[in-house]
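Working notes, structure below.
Below, read A as the first sequence line, B as the second, and so on, with proteins coming before strands; counting in each chain starts at 1.
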Amino acid sequence: MGALDISFFNADLVSKFLWNGFVFSIQLTLVAMAGGILIGTLLALMRLSGRAWLALPAAAYVNTMRSVPLVMVILWFFLLIPFVTGRPLGAEWSAIITFTLFEAAYYSEIMRAGIQSVSRGQVHAGNALGLSYAQTMRLIILPQAFRNMLPVLLTQTIILFQDTSLVYAIGAYDLLKGFETAGKNFNRPVEAYLLAAAVYFVICYSLSSVVKQLQAKIAIVR
Amino acid sequence: MAMIEMKNVSKWYGSFQVLKDCSTRVDKGEVVVVCGPSGSGKSTLIKCVNALEPFQQGEVVIDGISVGAPGTDLPKLRARVGMVFQHFELFPHLSIMENLTLGQIRVLRRSEEEARDKGVKLLERVGLKEQAQKFPGQLSGGQQQRVAIARALAMDPLCMLFDEPTSALDPEMINEVLDVMVELALEGMTMMCVSHEMGFARKVAKRVIFMDQGEIVEDAPKEDFFGKPRSERAQQFLSKILHH
Ligand SMILES: Nc1ncnc2c1ncn2[C@@H]1O[C@H](COP(=O)(O)OP(=O)(O)OP(=O)(O)O)[C@@H](O)[C@H]1O
Ligand SMILES: [Mg+2]
């Protein structure tokens with residue numbers, strides 16, 4: 001095999017092969033993060049509600065999702081949807097829904113720890129003012145839980161971003177797929193994958209640095 | 001007229017009985033101090049008053065409304081009962097002003113402006129007007145506790161509950177909080193205070209309740225309690241804390 005040649009990596013290639021994939025990877029990450037945190041918070045509240053009929057289904061959901069490989073869930077959901085609804089959903093939509101539902105399980109564990117990190121006295125203080133359970137949660141407990149857990153939530157999001165590359169299994173066009181396609185096109189697959197690794201590394205590493213700074217900041221506030 | 005009335009309240013944690021058939025009352029304008037050894041159930045008793053802790057037997061009536069009755073609108077009732085905690089429990093993610101306005105806006109449905117006006121007045125009253133824009137973590141313990149009292153007062157409470165409001169404070173900050181409480185008492189606020197500050201009790205309390213092992217052992221006018229407590233346990237307790 002000859003020397004590495006990355007001269008094919010130019011603006012034209014970025015706009016032709018990579019940009020769309022990059023946008024989809026980011027979209028997938030952001031939507032799954034927002035949806036995952038929202039659903040995850042609801043699951044966490046269900047588990048902490050003290051009511052078995054809410055807590056048990058939520059626990060079952062979370063534990064199931066956390067016990068199966070993501071790539072399998074991606075495949076299953078993609079194959080199952082046309083079977084159930086009679087219409088295929090498309091790889092992109094299928095990926096977005098799967099990731100949201102899957103990540104919700106992980107975010108829910110983080111939010112559960114976050115809610116438990118807020119002292120019981122805060123609940124008492126909210127209730128003593130006459131706030132309802134829902135108000136106490138929304139205005140007092142969840143903002144603190146969210147703040148305390150922000151670094152962990154972001155770390156999970158970095159993992160999520162890395163995992164988005166798994167959508168190759170159902171042929172969605174993401175950042176990795178962009179590199180792969182470009183590599184095939186220019187007959188430079190090794191260089192393409194190396195560049196892909198570099199890009200993923202730069203993105204994840206800069207996000208991790210942000211998390212570190214945040215952690216230090218939160219430690220000061222507390 | 002009774003503002004707070006507790007009738008035969010009993011509470012269990014599993015098989016452990018924390019409160020044993022506790023009855024007492026606090027009349028309008030009265031200050032009652034609750035004392036007793038650690039673990040005797042003082043915090044639990046005072047938290048039963050506004051049902052922050054549920055109880056299994058007995059009844060608590062505030063201003064004629066039964067706390068435990070099925071039809072009672074608990075949030076509405078609690079909004080009229082001010083509560084001050086040992087560890088302040090200010091909301092750390094909100095500014096001092098937001099701490100004071102949250103309940104007024106969300107529970108009493110006051111306008112933001114009205115709530116702020118009230119907040120400013122109360123901060124002035126506890127001597128912390130300059131701190132309105134700060135966050136709880138930036139204040140000393142004594143300042144935080146004064147804010148906590150202002151937060152409770154912002155709801156125009158019928159009565160106030162205090163659970164050892166000065167026991168988490170450094171000694172030099174105790175008086176700034178007690179001063180606010182004395183002033184409140186002299187203005188005629190109905191107060192039930194768990195406290196070991198016997199100077200405070202002597203100054204403003206009408207009655208003193210002594211608890212031990214979940215029981216109200218003594219419930220006597222201040223003069224009698226400090227003069228000649230009837231029970232041996234209260235005598236022992238008093239001699240211990242008055243020595244310090
Ligand atoms: N959630 C709980 N579960 C089980 N036991 C509890 C619980 N909360 C309190 N207790 C027990 O109930 C008893 C009374 O507690 P409480 O906090 O009311 O006492 P206290 O008089 O306020 O004590 P202190 O002076 O230390 O604040 C204690 O023996 C305590 O261990
Ligand atoms: Mg206590």
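Counting only residues at least two apart or on different chains, the salt bridge (charged side-chain N to carboxylate O under 4.0 Å, His left out) pairs with a member in residues 45-61 of chain A are A:R47-A:E109. Under the salt bridge (charged side-chain N to carboxylate O under 4.0 Å, His left out) criterion, no residue pair touches residues 55-78 of chain A, with sequence neighbours excluded.
Contact check for B:L128 versus B:I96: no side-chain heavy atoms found under the 4.5 Å cut-off. Residues B:V120 and B:L100 are not in side-chain contact: their nearest non-hydrogen atoms beyond the backbone lie 4.5 Å or more apart.
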Would you be so kind as to tabulate the donor-acceptor pairs closer than 3.5 Å made by side chains of residues 167-179 of chain A, with sequence neighbours excluded?
{"residue": "A:Y173", "atom": "OH", "partner": "A:F17", "partner atom": "O", "Å": "2.7"}
{"residue": "A:D174", "atom": "OD1", "partner": "A:K177", "partner atom": "N", "Å": "3.0"}

Once you leave out hydrogens and angles, what donor-acceptor pairs under 3.5 Å do chain A and chain B share?
{"residue": "A:Q122", "atom": "N", "partner": "B:E89", "partner atom": "OE1", "Å": "3.4"}
{"residue": "A:Q122", "atom": "NE2", "partner": "B:E89", "partner atom": "OE1", "Å": "3.1"}
{"residue": "A:Q122", "atom": "NE2", "partner": "B:L90", "partner atom": "O", "Å": "2.9"}
{"residue": "A:L139", "atom": "O", "partner": "B:H93", "partner atom": "NE2", "Å": "2.8"}

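Without hydrogens or angle criteria, A:T98 side chain to A:S94 main chain gives a donor-acceptor distance under 3.5 Å.
Of the atoms belonging to B:F85, it is side-chain heavy atoms, and not backbone ones, that fall under 4.5 Å from chain A. Within the 4.5 angstrom heavy-atom criterion, only backbone atoms of B:L90 (N, CA, C, O) approach chain A.
Per-residue heavy-atom pair counts under 4.5 Å with chain A were compared for B:L102, B:V81, B:L52, and the maximum is reached by B:L52.
Side-chain atoms of A:Y107 and A:T157 include a donor-acceptor pair closer than 3.5 Å.
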